Amino acid sequence: MNPRLQGKGFAHDRSRTILIVEDSLSYRKLLRDYLSQDNRYSYIILETETGAEGLKQYRIAQPDAILLDYLLPDMNGLEFLHALQQQIKKPDLPVVLLTRYENENLATQAIESGAQQYINKSELTTENLRLSLHNAIKQGELLRQVAVLKLENQQHLKVLNQQEEQLRLALASAQMGIWDWDLLTGQVHWNQEHELLFDLAPGSFDGSYEAFDRCIHPDDRAPVHKFVVQAIENHAILCHQFRIIWADGSIHWIETRGEAYFKESGEPVRMIGTVVNIDDRQQSQQMLRDRLEQQRLVMDMTVRIRRSLDLQEILQTTVNEVRQFLHTDRVIVYKFAPDWIGTVIVESVGAGWRSIVHTQINDTCVESYIGYFKQGLVTVKSDIYNAGIDAWHLKLLESFQIRANLVVPILKGDELWGLLISHHCSAPRPWQTTEIDLVKQLAIQVSIAIQQADLFAQAQIELTQRKQAEMTTQLLNAELEQRQAVEKLKDEFIGIVSHELRTPLTSMRGSLGLLAMGLMDNEPEEMKRMIDIAAIETERLVRMVDDILDLEKLEADGNTLEQEWSDAPALIQTAIEVMSSIADAAGVHLELDCPPVQIWVAPDRIVQVFTNLLSNAIKFSPPKTIVSIEAKVIDDPIMHNLDRSESVRFVSAIPFQQIHFTIKDRGRGIPIDKLETIFNRFQQVDASDSRDKGGTGLGLAICKSIVEQHHGRIWVESLWGQGSTFFLTLPQPMKEYPQDQGTL
Ligand code: ADP
């Protein structure tokens, strides 16, 4: 706002500047006197005698009003008014004209020339001067205000125009279109940018919603409509992205924002909004998605490589995933042999394209590239026909249906191990930088996997070698231990055997020595006794040698007993018959209680066991006692054996039962500490047992060996002085099963 005007706006500022243009000094004085009597304003009075000076003074001081004499030395009042109008370019001037002529015409002319008031000098009074001047001042102020407002208006208009232009430029540079939809008439207005964004010539949009709808991608029409309706219904801001199709068929992404306006009654009347092209944003979002996908792939591969040590599996996964990511027709891993002839070792190939896995390719070009590949060179051909390749190489690529390829080296340390190759067969293919980057990253992961697999293989070899060495050492140790054990056994055996043999031999030598010396020549009774002793000891020696050989034979044969179904009572009966004369001689009665069962045994050996056990029982029984033999069949062999010993357990595909025998005597019994040991070789309860009872100490060892070869068990229960009971169990296959399955 004009500061002057602003200052005058204050109610208390009563100062006004008045310019008096009058050549008469006395009249100027009169005017000053009159003005000094005006108590409404306090006047600053400027005075000039001529019109020219007055005009000049007006320009300089910009007085609030002019008191103008009509007759001036250099011009008349009308001329002054004209000149002033020229000067300030305003039709209305804050001028009070003073004249002596009573001329209506002059007054009219003065008013037309812009003067506000007219006073006849002869009628001048304090009062009419005051009124005229106040009017002129008011008029001047109004004129000034109007001028200021006009100026301000002009400035505002200019700013508005500028802003509108700026907005237009901003919209144009932002490529932002504006739409304005009259919901009552259905008419839509688009600005020029909107038309350009929709690929329409400026001014060609017909303003109908249908014309807009036609530009939208068919799949997006319904959603656009739905979002627009929702925004209106919910009084919400519309913000939606959709695709449009240009005349050339290309698809473009648009984002629209808008808002509806409503009457007070709530009726929607208008909707205004903007449209912008978001192809770039969509593209960068797509790029971001691609990048994320790429990172995911690399991460996946890394995880898989860390998890798997199977190189073949890793390579196969790599080609599968690369082909999927690139949407291409074939991806292979090509491995070099030392002579640089390569073989396709894994492949992922799309339907309809030739499989080239296991193909050996002798590409002579590769050799010249080796140095570059080692430095990480990646070769990219988007179209083999525009790649400037020689005819031979072109033919090779054609033979594999290749149209475009991407070749990335796979290094193992500093060495070129192979190539990860992507083939596009259906058409030329411009490979994107992101795609190349991904394949390069995967090739690095593959390199790591190869080195890892190598290390693993080396570790495996070392492990196997170590295991083999350990096994050899263990075998050697076992052999050594076995040999030492055998040596020990042999020593023990020799010791025992030689001791056991020496006893009868000593006795024989003693008897025979006495005879040889002829000391008993005259004592035929004594001589006979000596000969008897020698004969008994010889027999015992023979038995002992037989038993040793028998035992050795049993152990040497292992589990090769020839078993057959045999009648259990008959076998026992045979043993009883063998022993009957000895039993009779000893006055011992033998009893048998055996069910008529068939048993799967080596019959002679089982008779041998019973004979031996009966022989012992008779040997250690006092006369007139009974030795009883019992047999019974037990159906639950496992339960039965569990409470005896865990050692007799069988794993058999067929059901089996146990036959359980007891040989009980009423003899002297066996002390508790000998119950186990008497089954060992040359073990007897008493050293005299061999001498007195003619035993060898090998019978029970032979029995145990025979029973165990039948997978059975033998043990004795006894109370010293109260007789002994020998037990033996033999597992039996069920009779109804074929004999060959019955082998346990
Ligand atoms: P031997 O030829 O000495 O009988 P065995 O191995 O058959 O050899 O028996 C070993 C020893 O076990 C016997 O010498 C004897 O001391 C003891 N023995 C075996 N059977 C009986 C039994 N029924 N009563 C008492 N002692 C026995």
Side-chain angles (χ1 to χ4, degrees), residues 492-493 496-497 499-505 507 536-555 572 575-576 578-580 582-583 585-592 605-630 661-709 712-728:
E492 279 174 11
F493 186 70
I496 293 168
V497 170
H499 173 261
E500 295 299 324
L501 292 179
R502 198 169 287 126
T503 312
L505 280 174
S507 175
I536 289 166
E537 292 304 326
T538 308
E539 265 174 43
R540 198 153 74 87
L541 211 54
V542 170
R543 266 206 314 279
M544 194 179 287
V545 171
D546 284 349
D547 283 353
I548 288 170
L549 291 175
D550 196 21
L551 202 56
E552 285 305 308
K553 185 175 181 310
L554 271 169
E555 282 174 14
I572 302 171
I576 288 173
V578 171
M579 296 310 299
S580 61
I582 297 171
V588 174
H589 181 65
L590 301 178
E591 273 183 11
L592 169 63
R605 286 300 186 183
I606 290 300
V607 169
Q608 188 182 354
V609 171
F610 285 121
T611 310
N612 220 330
L613 293 175
L614 278 176
S615 157
N616 282 347
I618 296 164
K619 235 174 10 185
F620 294 102
S621 288
K624 299 190 179 144
T625 56
I626 297 168
V627 170
S628 55
I629 305 175
E630 276 180 30
F661 300 95
T662 50
I663 296 97
K664 186 177 164 82
D665 66 56
R666 279 83 178 165
R668 70 168 193 203
I670 301 162
I672 194 156
D673 61 322
K674 303 280 183 185
L675 291 175
E676 296 276 337
T677 54
I678 52 166
F679 290 94
N680 297 337
R681 297 172 179 200
F682 302 115
Q683 293 295 325
Q684 292 170 317
V685 171
D686 196 308
S688 63
D689 285 353
S690 58
R691 196 173 55 250
D692 299 348
K693 309 287 181 187
T696 61
L698 290 167
L700 288 179
I702 291 171
C703 289
K704 189 173 179 228
S705 179
I706 294 170
V707 171
E708 285 180 353
Q709 288 199 34
R713 183 170 177 255
I714 183 166
W715 72 98
V716 62
E717 288 174 6
S718 175
L719 278 176
W720 184 243
Q722 294 184 23
S724 315
T725 307
F726 281 81
F727 299 88
L728 68 100

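Model, not experiment: these values are computed from the prediction. Every number for a ligand or one of its atoms is a count from 1 in the order of the listing.
- Within a 6.0 Å sphere centred on CD1 of I626, other residues, nucleotides and ligands contribute more than 12 heavy atoms.
- Listed by chain and residue number, L501, L549 satisfy the side chain to side chain contact (heavy atoms under 4.5 Å, CB included) test with V545 (two or more places apart in sequence, or in another chain).
- Heavy atoms of K619 come nearer than 4.0 angstrom to ligand 1 in at least one pair.
- Taking any N or O of A701, backbone or side chain, none lies under 3.5 Å from an N or O belonging to ligand 1.
- When the options I663, D665, D547, N680 are ranked by their closest heavy atom to atom 23 (N) of ligand 1, first place goes to D665.
- Using a 4.0 Å cut-off between charged nitrogen and carboxylate oxygen, K553 and D546 do not count as a salt-bridge pair.
- Taking 4.5 Å as the limit, some side-chain heavy atom of V685 sits within range of a side-chain heavy atom of I678.
- Heavy-atom separations between S724 and ligand 1 include at least one value shorter than 4.0 Å.
- Of all atoms in ligand 1, numbered sequentially from 1 with element shown, those under 4.0 Å from a heavy atom of I678 are 12 (O).
- Heavy-atom contacts of Q683 reach the following atoms of ligand 1: 10 (C), 11 (C) (cutoff under 4.0 Å).
- Heavy-atom proximity to L698, at under 4.0 Å, picks out these atoms of ligand 1: 6 (O), 8 (O).
- Close contacts of ligand 1 with G699, meaning ligand atoms under 4.0 Å from a residue heavy atom, involve 5 (P), 6 (O), 7 (O), 8 (O).
- Remark: ligand 1 atoms within the under-4.0 Å shell around heavy atoms of F726 are 20 (N), 23 (N).
- Listed by atom number, the atoms of ligand 1 under 4.0 Å from V685 heavy atoms are 16 (O), 17 (C).
- Within the 4.0 Å heavy-atom shell around ligand 1 one finds G669.
- On a distance-only criterion, F620 and ligand 1 share no N/O pair closer than 3.5 Å.
- The side-chain heavy atoms of V588 and K624, taken from C-beta on, include no pair separated by under 4.5 Å.
- Counting atoms of ligand 1 from 1 in the listed order, those under 4.0 Å from a heavy atom of A617 are 23 (N).
- By the 4.5 Å heavy-atom criterion applied to side chains, R666 and S628 are counted as neighbours.
- In N616, the parts holding a heavy atom less than 4.0 Å from any atom of ligand 1 are both the side chain and the backbone.
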